[in-house]
Amino acid sequence: MRISPTPGRAIFRALASICLLFSPLAELQTQAVPLKASIQHTERMPSVDPALKAGAQFNLSATEEEPQNFWVRIPDWLAGTWLVETETRVYHHDYRANTTDNSVMPFKARSRFTYGKQTDRKGGIWHFLGVPYCSATDFPTFTEYHQVASKQCLDGSPTHISMRTHFTVIRVNKTTRKVTETFQQESITTYTRAAPGELKLESSTKVFDAAGAPTHLARNEATVARTEPYTPVDSEAGKNMHELFRQFLIAHRMLDILPD
């Protein structure tokens, strides 16, 4: 379990969009499906744990699970630090009202995020997934917890990657520590390589209530700019990333690319 403050949902979505493409373990993932319109969201989600539903006294241990030491190789053009300043909503559907809005609506969504943690002996760049984990964002009257359950590669090529992420959002009153609202989200995010140092982001986020029924679906677009080149990260959040990376490669018998 990992708890860390985040500036908002935009950065979470970006952090959640880690590529499983080009990984020697790609065969461990589910079968890829085509991009764009052919990618389908989950129809319905399971109900959340009763301990996380509205009215329950929040217990952080209910979100605690030990993250797996799992790494994925990413393409060089994705590695580095990136910045999003504005996103544009291009589609919104309300399942309960059965209404659709195709109006284009730009909005501020500044976020900064980094891909790439370690380099193998042959120069390949890898990112640490570390799912499941939990992150927290403080608001004036409540704390919002994001319980990230899974990340999965859907499709990829030398010019794009697409990821599916499932997570639960739990809002907790700061005074009473009771859960005030719980919902689930499934995000499908695609990054497409554009100009040098620039990516096109296309995201589709489907929201489900605590019982697992869909409530709404939104699609956004944005331009992402690289602000810093890739630099290996040997220590993060109290973890020895270099040693974890070595352990992962040894466990999966990839000794030919084991770094010193």
Side-chain angles (χ1 to χ4, degrees), residues 1-21 23 25-30 41-42 44-54 56-74 111 113-118 126-138 143-154 161-172 179 181-189 203-212 233 235-241 243-245 247-249 251-252:
M1 191 275 293
R2 180 173 70 226
I3 297 290
S4 60
T6 59
R9 294 181 192 168
I11 191 170
F12 169 79
R13 182 174 57 252
L15 290 170
S17 305
I18 308 299
C19 177
L20 300 182
L21 178 64
S23 169
L25 299 181
E27 67 272 14
L28 299 181
Q29 309 306 318
T30 57
H41 276 286
T42 301
R44 187 181 178 94
M45 297 283 283
S47 179
V48 302
D49 190 309
L52 299 178
K53 290 185 177 181
Q57 193 71 36
F58 182 68
N59 184 353
L60 188 59
S61 64
T63 68
E64 289 182 341
E65 288 187 67
E66 187 65 26
Q68 301 174 5
N69 184 23
F70 191 79
W71 293 73
V72 292
R73 185 176 174 183
I74 62 173
S111 62
F113 52 92
T114 300
Y115 291 116
K117 301 296 182 183
Q118 288 287 299
W126 294 69
H127 195 94
F128 178 67
L129 288 184
V131 292
Y133 65 86
C134 184
S135 65
T137 304
D138 279 329
T143 301
E144 183 172 285
Y145 295 90
H146 286 182
Q147 187 181 42
V148 185
S150 66
K151 300 174 184 177
Q152 172 192 20
C153 185
L154 299 180
I161 59 175
S162 186
M163 279 290 301
R164 184 197 308 271
T165 304
H166 288 134
F167 59 101
T168 301
V169 180
I170 309 128
R171 291 178 176 170
V172 179
V179 177
E181 183 181 9
T182 302
F183 56 93
Q184 304 174 79
Q185 290 191 6
E186 178 183 68
S187 295
I188 299 174
T189 305
S203 68
S204 180
T205 301
K206 188 173 182 178
V207 181
F208 305 79
D209 62 21
V233 178
S235 179
E236 184 176 77
K239 295 181 182 294
N240 187 329
M241 305 303 288
E243 183 57 30
L244 285 173
F245 181 49
Q247 291 175 8
F248 170 79
L249 294 179
H252 292 90

Open item on the list: Going by ring-ring contact (aromatic ring centres under 6.0 Å, His included), name the residues that satisfy it together with Phe208, two or more places apart in sequence or in a different chain.
Closed with: none

Open item on the list: With rounding to the nearest 0.5 angstrom, report the OG to NZ distance, Ser187 to Lys206.
Closed with: 12.5 Å

TODO: Nearest 0.5 Å please: distance from the OG1 atom of Thr42 over to the CD1 atom of Ile188.
DONE: 7.5 Å

- [ ] Any chance you could measure Phe167, atom CZ, to Gln147, atom CD, to the nearest 0.5 Å?
- [x] 11.5 Å

Open item on the list: Could you report the tightest heavy-atom contact between Gln247 and Asn69, atom names first, then the distance?
Closed with: CB-ND2, 4.0 Å

Task: Test side chain to side chain donor-acceptor pair (under 3.5 Å) applied to Asn240 - qualifying residues, sequence neighbours left out - done: none

Open item on the list: Once salt bridge (Lys or Arg N to Asp or Glu O under 4.0 Å) is applied, do any residues pair with Glu243, and if so which ones, sequence neighbours excluded?
Closed with: none

Task: Euclidean distance, Met163 CE relative to Ser203 OG, rounded to 0.5 Å - done: 13.5 Å

Task: Closest non-hydrogen atom pair between Pro50 and Ala56, with its separation - done: O-CB, 3.9 Å

Task: Nearest heavy atoms of His41 and Glu186, plus distance in Å - done: ND1-OE1, 2.7 Å

- [ ] Find the distance between CD (Glu144) and CG (Asp138) and round it off to the nearest 0.5 Å.
- [x] 10.5 Å

Open item on the list: Quick check: do Phe245 and Leu249 have side-chain heavy atoms less than 4.5 Å from each other?
Closed with: yes

Open item on the list: Students often mix this up, so state it plainly: with edges at 30° and 60°, are the rings of Phe70 and Phe248 parallel, tilted or perpendicular?
Closed with: perpendicular

Task: Listed partners of Ser150 passing side-chain contact (heavy atoms from CB on, under 4.5 Å), at least two apart - done: His166

Open item on the list: Determine whether Val179 and Leu52 satisfy the following criterion, side-chain contact (heavy atoms from CB on, under 4.5 Å), listing intermediate values before the conclusion.
Closed with: CA-CA 7 Å; Val179 177; Leu52 299 178; 5.6 Å; no

TODO: Tell me, please, which residues at least two apart from Val131 pass side-chain contact (heavy atoms from CB on, under 4.5 Å).
DONE: Tyr133, Val148, Lys151

Task: side chain to side chain donor-acceptor pair (under 3.5 Å) involving Ser61 - partner list, sequence neighbours excluded - done: Asn59

Open item on the list: Going by the rule side chain to side chain donor-acceptor pair (under 3.5 Å), which residues pair with Asp49 if we only count those two or more places apart in sequence or in a different chain?
Closed with: none

Task: Closest non-hydrogen atom pair, Ala149 against Pro132 - done: O-CB, 4.2 Å

Task: Donor-acceptor under 3.5 Å (Gln118 side chain, Val233 main chain) - done: yes

Task: All side chain to side chain donor-acceptor pair (under 3.5 Å) counterparts of Gln68, not counting sequence neighbours - done: none

TODO: Flag the pair Phe183 / Val48 as yes when at least one side-chain heavy-atom distance between them is below 4.5 Å, and no otherwise.
DONE: no

TODO: Apply the test side-chain contact (heavy atoms from CB on, under 4.5 Å) to residues Met241 and Trp126: give CA-CA distance (whole Å), side-chain angles for both, the deciding distance (0.1 Å), then the verdict.
DONE: CA-CA 11 Å; Met241 305 303 288; Trp126 294 69; over 6 Å; no

- [ ] Check Pro67 against Gly130 and note the closest heavy-atom contact, atom names and distance.
- [x] CB-O, 3.2 Å

Open item on the list: Rounded at 0.5 Å granularity, tell me how far CG in Asp209 sits from CZ in Arg44.
Closed with: 7.0 Å

TODO: Would you confirm whether Gln184, through its side chain, and Val207, through its main-chain N or O, come within 3.5 Å as a donor-acceptor pair?
DONE: no

